[in-house]
Amino acid sequence: MTPDPAAPVRVRIAPSPTGPLHIGTARTALSNYLHARHVGGTFILRLEDTDVARSTLEFEKGILDGLHWLGLDWDEGPEVAGEPARGPHAPYRQMERLPSYAAAAQRLLADDLAYPCYCTPVELDADRKAQEAARQPPRYVGRCAHLTPEERREREAQGRRGALRFRVTEGVVAFDDIVRGHVEFDVSNLGGDFVIVRADGTPLYHFTVVVDDSAMEITDVIRGEDHLSNTPKHILLFRALGFDVPRFAHLPLILNPDRSKMSKRKSQTAIDDYIAQGFIREALVNYLAFLGWSPGTEEDVLALDEIVKRFDLHAVHKGGAVFDRERLEWLNGQWIRRLDPDDLVDRLRPFVEAELAAGRIEWMPTDEDLRSLLPFVQERLPTLGAIGDLVGFLWVDEVDVDATTLVPKRWDVATTREGLAAAREVIPKAGEVAFEADELEPALRALAEARGWKAGDLFMAIRVAVTGRTATPPLFDTLVALGRDRVLARLDHAIEALDAPG
RNA sequence: GCCGCAUUCGUCUAGAGGCCCAGGACACCGCCCUCUCAAGGCGGAGAUCACCGGUUCGAAUCCGGUAUGCGGUACCA
């Protein structure tokens, strides 16, 4: 019945192209991937696009791109961008597998395990309302369950197209879920005979998932807990079709802060949005893997290959996990700091370009420019998208400085003017031979000491003058990055701003 | 309503009868480092292990019940 424990593991991720790649889908894909790689199994991608009304090619592409971006490569999957389908069970797109569902439906029909149902949406709605009013659980009333062939012909003759309903038998369906253990459902609570093929002939999820999982020889169905209650329907279908029933593993849900199922309404759910903000794949993968699972050690920053080694489906939790963006950001910072500098430059570039496109900076730095900033920028980036806020002042002609922020807390306007003027004199001299931090810092410290100023106050005045802000990377590295001429010009500009009335 | 699942610091988690009057991490607070901001180091606060019974010499860990939450209940997936 269940797969031979020794048989090679085959798992799949089966997204519906009805929206952008969702955090929950990514996590399910990751769990499947981790399990497959951990046990040396096969990871399959199947597109469940039978909801034609909501499925689009753009969403499909977005989901595939997102999965690739995460580094979750599949062994078998549909043809994309000119690449042929991979794997022995093509096609991997359900709308291209219609004949197999039709054949399976035919078998069920022939065996009288399913029947055409001509009930209209209006009738079904009325049934449901009546049941609700009578405080009964909603269930199909069986109006079409026992139509004679003549009655069916009659309806067809009237031009009515029947949906196909699967006959739900009696009894208890039990299975041993890998994460939840033994689970039982009384079939009488399933809501009666359920539709497996729409009146327009397109098959429904509960049906296609069973036909395909069987055809693709899936051994382990790893999916979200929201499918737990659907599982008995699937098992009934597997049995009716004479198929082996796979093992199941239902993952805990990812939750909104209020502990409801994570939703677009209450949380940021699209992977694309996280990418756009500068989260990196290493962090996202690391974070997602640790939602509802832990290696049982005190390690918390782990690369995908290390997670693969440690991953164990049996150790996955049963309880849902709230998505904690703050923790993701921390992990993102951890991973950004671990990035190779050249790699980081490559990843940063699109975000700098975005700053330019948004008009927040005025020109593009070169890769060398970017690279030279890394020693003091890398550890200050919680996300790649923070680059503009951090050092955007480097790539504009002038910065806005207002007299109030220019004056350090312990200083007054006159001292500030004096300090900046003195710095204006000292800096070019100190930097004459080499405009470097090692030259500038001692000179400015000496200046502060000579005047009896606290170095921090002088530095703050200079910082605001040349960057327009009070929080920046270390001052001397910043001065070097700006270059002598721009430093002097901005100092002059700041002194003018102090002199300006108001 | 019915069915199912779940419940350890605010959050993610460690824990599989004595090592736990519960450990780590994020966030928070303080100190150190320090030119600001980060990063880093050190320390602090934070969980009567949902509750009530039971089993046991001993329970976060086993059993039963209760509560609460969540999921499902579509000709969506």
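Values below: all heavy atoms of this structure, side chains included; hydrogens, waters and symmetry mates excluded. Just so it is clear, the structure is predicted and the values come from calculations on it, not from any experiment.
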TODO: Let me have a per-nucleotide readout for nucleotides 35-50 of chain B, 5' to 3', with B, S or -, counting only protein heavy atoms under 4.0 Å.
DONE: BBBBSS----------
Task: Sequence-aligned protein contact record of nucleotides 60-71 of chain B, with B where the base is within under 4.0 Å of a protein heavy atom and S where only the sugar-phosphate is - done: ----------SB
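Just one of A:Phe459, A:Phe376, A:Phe435 meets the ring-ring contact (aromatic ring centres under 6.0 Å, His included) condition when paired with A:Phe476; it is A:Phe459.
The backbone N or O of A:Val377 sits nowhere less than 3.5 Å from a side-chain atom of A:Asp477 that would complete a donor-acceptor pair.
Nearest to the side-chain atoms of A:Lys233 among the listed nucleotides B:U73, B:G24, B:A6 stands B:U73.
Considering all non-hydrogen atoms of both residues, A:Asp226 and A:Leu253 come closest at N-CD1, 3.7 Å. Here the closest heavy-atom approach between residue A:Ile336 and residue A:Leu381 is recorded as CD1-O, 3.5 Å.
Atoms CG (A:Leu331) and P (B:A27) sit 10 Å apart, rounded to a whole Å. Summarising the geometry, the separation between CG on A:Asp127 and P on B:A74 is reported as 12 Å, rounded to the nearest angstrom. Here B:C12 presents its C1' atom at 16 Å from CD of A:Glu299, a figure rounded to the nearest Å. Atom CG in A:Asp177 sits about 13 Å away from atom C1' in B:A6, given to the nearest Å. Whole-Å rounding puts the A:Phe323 CZ to B:U11 P distance at 16 Å. Atom CD1 in A:Ile196 sits about 14 Å away from atom P in B:C76, given to the nearest Å.
For A:Arg486, the side-chain contact (heavy atoms from CB on, under 4.5 Å) partners two or more places apart in sequence, or in a different chain, are A:Trp363, A:Leu482, A:Arg490. Contacts of A:Glu449 classified as salt bridge (charged side-chain N to carboxylate O under 4.0 Å, His left out), with partners at least two apart in sequence or in another chain: none.
At least one side-chain nitrogen or oxygen of A:His317 sits closer than 4.0 Å to the OP1 or OP2 atom of B:A14. Phosphate contact (OP1/OP2 of B:U73, side-chain N/O of A:Arg128, threshold under 4.0 Å): absent. Between A:Arg160 and B:C75 there is no side-chain N or O to OP1 or OP2 distance below 4.0 Å.
Judged by distance alone with a 3.5 Å cut-off, a donor-acceptor contact links the side chain of A:Asn230 to the base of B:A77. Side-chain to base pairing of A:Arg327 with B:A25: one donor and one acceptor N or O lie within less than 3.5 Å of each other.
A:Gln136 comes within 4.0 angstrom of nothing in the nucleic acid, heavy atoms only. A:Tyr205 comes within contact range of at least one nucleobase, with a heavy-atom separation under 4.0 Å. At a threshold of 4.0 angstrom between heavy atoms, the contacts of A:Gly319 are confined to the sugar-phosphate backbone, with no base atom among them.
Using atom C1' as the reference point in both B:U8 and B:A47, the two lie 7 Å apart (nearest Å). Nucleotides B:C32 and B:C21 have their P atoms positioned 34 Å apart, rounded to a whole Å. Comparing B:U66 with B:G72, their C1' atoms are spaced 23 Å from each other, to the whole Å. For the C1' atoms, the distance from B:C52 to B:U7 is 15 Å, rounded to whole Å. If you take atom P in B:C75 and the same atom in B:U11, they sit 37 Å apart, rounded to whole Å.
In this entry B:C51 has B:G65 as its Watson-Crick or G-U wobble partner, both defining distances falling under 3.5 Å. Pairing for B:C75 is absent, with no Watson-Crick or G-U wobble pair whose two atom distances lie under 3.5 Å. Remark: B:C9 base-pairs with no nucleotide in the shown strands. Criterion, Watson-Crick or G-U wobble with two distances under 3.5 Å. Nucleotide B:C31 has B:G41 as its partner under the Watson-Crick or G-U criteria, with both atom distances under 3.5 Å. Across all strands shown, B:C20 forms no Watson-Crick or G-U wobble pair with both distances under 3.5 Å.
Under 4.0 Å is where a charged nitrogen must lie from a carboxylate oxygen, and between A:Glu58 and A:Lys61 no such pair does. A:Arg337 has no carboxylate O lying under 4.0 Å from a charged side-chain N of A:Glu379, or vice versa, which leaves the two without a salt bridge. Salt-bridge check for A:Glu156 with A:Arg152: failed, with every basic side-chain N at 4.0 Å or more from each acidic carboxylate O.
Taking the six-membered ring for Trp and the full ring otherwise, A:His227 and A:Tyr205 have centroids separated by under 6.0 Å.
The list of side-chain hydrogen bond (donor to acceptor under 3.5 Å, both in side chains) pairs with a residue in residues 12-29 of chain A, not counting sequence neighbours, reads A:Arg12-A:Asp213.
Annotation for A:Arg161: atom CZ does not count as buried by contact number, only 12 or fewer foreign heavy atoms lying within 6.0 Å. Other residues, nucleotides and ligands contribute at most 12 non-hydrogen atoms within 6.0 Å of the CG atom of A:Asp400.
Of the residues in residues 45-55 of chain A, those with a non-hydrogen atom less than 4.0 angstrom from any atom of RNA chain B are A:Glu48, A:Thr50, A:Asp51, A:Arg54.
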